[in-house]
Amino acid sequence: MTEKTTDRSVLIVVPPLVDYDSELEKKSGKPDFEKRRLVSPLEPMSCAADLLRRGYDVQFLDLGTCETRRERKDHLREKLKTHRPDAVVAVQSILTFATASDWDGAAVFAIVRDICPKAATILTGTHATNYPGQAVADGTVDYSIRGEVDFAVGDLLDALGTGGDLGKIAGLSFKRDDVINTSPNYPDVTLTDLPLPAYQILDDWHTRRYENILERGKIRYPARSSRYRDIMTSRSCILRCSFCSVAHLRGQRQKHRRKDIDQILREIEQALEDGIEEIHFFDDLFAETPEQIIRFTEEIRRRGLTFPWFVAQGMNLWSLNDEAIQAMAEAGMYRLIAPLESGNNRVLREVVGKIHSSVEHHHDMIQSSHRHNLEIIGMYVVGLMGESRAELLDTIEFAESHPEVDYSVFSIATPMIGTRLTKKVSKAGHLEDQNAVNKVIKRTVALYRTEAFREYELGIIRAFDWDRVNFSTLEQRRKYAGMVGVTLDELDQMRAHSKETFFSYFPNYDGPLSFKELYGHPDLFAQLEPTIPDTLY
């Protein structure tokens, strides 16, 4: 294969977070508003800013702003015919924000080849990272880059334009003389080297869609204003939680890095100048210490910046104390998304890997947040390798004993590529279908069992204990509906669909609908396994 060269025109395409088709899915029973998922294009805007700095003309299309597959294809064709780009690159909105499946972009790049056959095609994101070089080997794209691609895309395009050595580009996979060459290294990104995100390239269509397509019914719903933007102040994490794929996706050498405070404040000011009214901080790890949080809030107040906000990926509680919570509340934070994970200290520290956390501290931070009038969302993970039945019960009882938490999420542990959990599950021989993770919506169904629990028991926790903990009273239902922008009728649809999802995986289940009732009967339905579809869509 002859390596494709590029001039100066680039189209950045953002994959949809879900690939639902509004027309096709109306009969599925899933509430229509729940099929709409969209976040700010953080990493595409960073990549675009670097390309602009290098002198490229950059066009942009976020496929998540389109509601049907036909609409996505039509918008893509229009962009290609109008701008005739020399390169088309797929860049995920946020690398570490789990999409429904690993997107290889085959349908998109087929259209690109049809309309712009000479354009260089480049895949980045989870597929390029989880399966380095596979999309190149399959003939889907010319190049793929794993990890963080803020500068790597520009490095590749520069090399193609000048005949540079592709083998020197970290993270790159390319084909030469019928051999797939894959760099063993991830790209290195120093966050303080990043320019301001290039939101100026958004056209009116995208601006309106980002304001109108909101994640109603989801914990990240912007309840104070639809004119919101996600901002990332740091990347990576100092921990390696067993179920977390952040280190794998960003690269093990990419340690926790923070932008400097002036850089963060410039991004906030940029957003406010653009008419943004609410901000969500979308970090892998927002802060390491209370002192960092307090300094951040002091700088916001010193510059007179006023806006409602919260940390959308979850606020690690071990970095909090009462003073930090009070400071955040006074600086405009209105919602705490708390990754509580478990109601048991052994599971928190030894199984999950949150070595700085404790159930007692979580309790104290919930009480503090409640005193400071924050909305509180608790996130739990159930079904981890090494977790006992009694420890699962501890988690449910912890959720039940904290009515200050406005809403509790029970996610089923999913063996994501590159995690410690996946290695343990595979080593134990519990994961027969290695591709099962791409056949289901992540965290909705158990893909393995252990001696301590069965798949259906975790499904009962997710659908039925979840419903009982969160929605037993009208007051609870009204509070949560208001938080996430749905009516009580729409909330009832969500609750019904959650139960329908359980029975889609376990159509013949006719047992107790509470883990507490199942607790003393671990082998009640020992042979029952979930029915996993052949494909997600």
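Along the sequence shown, the residues carry numbers beginning at 1.
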Worksheet item: If we only count heavy atoms from C-beta on, is the Phe310 to Ile219 side-chain gap below 4.5 Å?
Response: no
Worksheet item: Which pairs, with at least one residue in residues 410-424 and sequence neighbours excluded, count as a salt bridge (charged side-chain N to carboxylate O under 4.0 Å, His left out)?
Response: none
Practice prompt. Give a yes or no on whether a salt bridge exists between Asp142 and Arg113, defined as a side-chain N under 4.0 angstrom from a carboxylate O.
Written response: yes
Worksheet item: Where the side chain of Glu211 meets the backbone of Arg208, is there a donor-acceptor pair that is under 3.5 Å apart?
Response: no
Response to the item:
Sequence neighbours excluded, the answer for ring-ring contact (aromatic ring centres under 6.0 Å, His included) partners of His256 is none
Discussion item. If you count heavy atoms of other groups shown closer than 6.0 angstrom to NZ of Lys499, is the number above 12?
Written reply: yes
Response to the item:
Sorted by chain and number, sequence neighbours left out, side chain to side chain donor-acceptor pair (under 3.5 Å) with Asp50 holds for Arg53, Arg54
Worksheet item: What residue pairs, at least two apart or across chains, pass salt bridge (charged side-chain N to carboxylate O under 4.0 Å, His left out) with a residue in residues 231-244?
Response: Glu148-Arg235, Asp150-Arg235
Worksheet item: Are Tyr143 and Phe174 close enough that their ring centers fall under 6.0 Å?
Response: no
Worksheet item: Mind checking what makes salt bridge (Lys or Arg N to Asp or Glu O under 4.0 Å) contact with Arg229, not counting sequence neighbours?
Response: Asp274
Pairs under 3.5 angstrom only: tabulate donor-acceptor contacts from the side chains of residues 195-205 to other protein residues two or more places apart or in another chain.
from, atom 1, to, atom 2, distance (Å)
Asp203, OD1, Trp205, N, 3.3
Asp203, OD1, His206, N, 2.9
Asp203, OD1, His206, ND1, 2.9
Trp205, NE1, Thr65, OG1, 3.3

Response to the item:
By salt bridge (Lys or Arg N to Asp or Glu O under 4.0 Å), Asp104 pairs with (sequence neighbours left out) none
Discussion item. List the residues meeting salt bridge (Lys or Arg N to Asp or Glu O under 4.0 Å) with Glu78, not counting sequence neighbours, and say none if there are none.
Written reply: none
Worksheet item: From Asn316 CG over to Ile337 CD1, what is the distance, rounded to the nearest 0.5 angstrom?
Response: 12.5 Å
Worksheet item: Sequence neighbours excluded, which residues qualify as salt bridge (Lys or Arg N to Asp or Glu O under 4.0 Å) partners of Lys255?
Response: none
Worksheet item: ring-ring contact (aromatic ring centres under 6.0 Å, His included) with Tyr210: which residues, sequence neighbours excluded?
Response: none
Fill in: Val347 vs Glu341 side-chain heavy atoms within contact, under 4.5 Å
no
Worksheet item: Is the Phe453 ring parallel, tilted or perpendicular to the Tyr448 ring (thresholds 30°, 60°)?
Response: tilted
Worksheet item: Got a sec, which residues hit side chain to side chain donor-acceptor pair (under 3.5 Å) with Thr182, two or more places apart in sequence or on another chain?
Response: Ser173
Worksheet item: What's the verdict on salt bridge (charged side-chain N to carboxylate O under 4.0 Å, His left out) for Asp284 and Arg250, showing C-alpha distance, side-chain angles and the deciding distance?
Response: CA-CA 10 Å; Asp284 303 319; Arg250 297 203 179 280; 2.8 Å; yes
Item to complete: List for me each residue that meets ring-ring contact (aromatic ring centres under 6.0 Å, His included) alongside Tyr456, sequence neighbours excluded, and say none if there are none.
Response: Tyr509, Phe525
Worksheet item: Within the side chain of Ser40, is there an N or O that forms a donor-acceptor pair under 3.5 Å with the backbone of Leu42?
Response: no
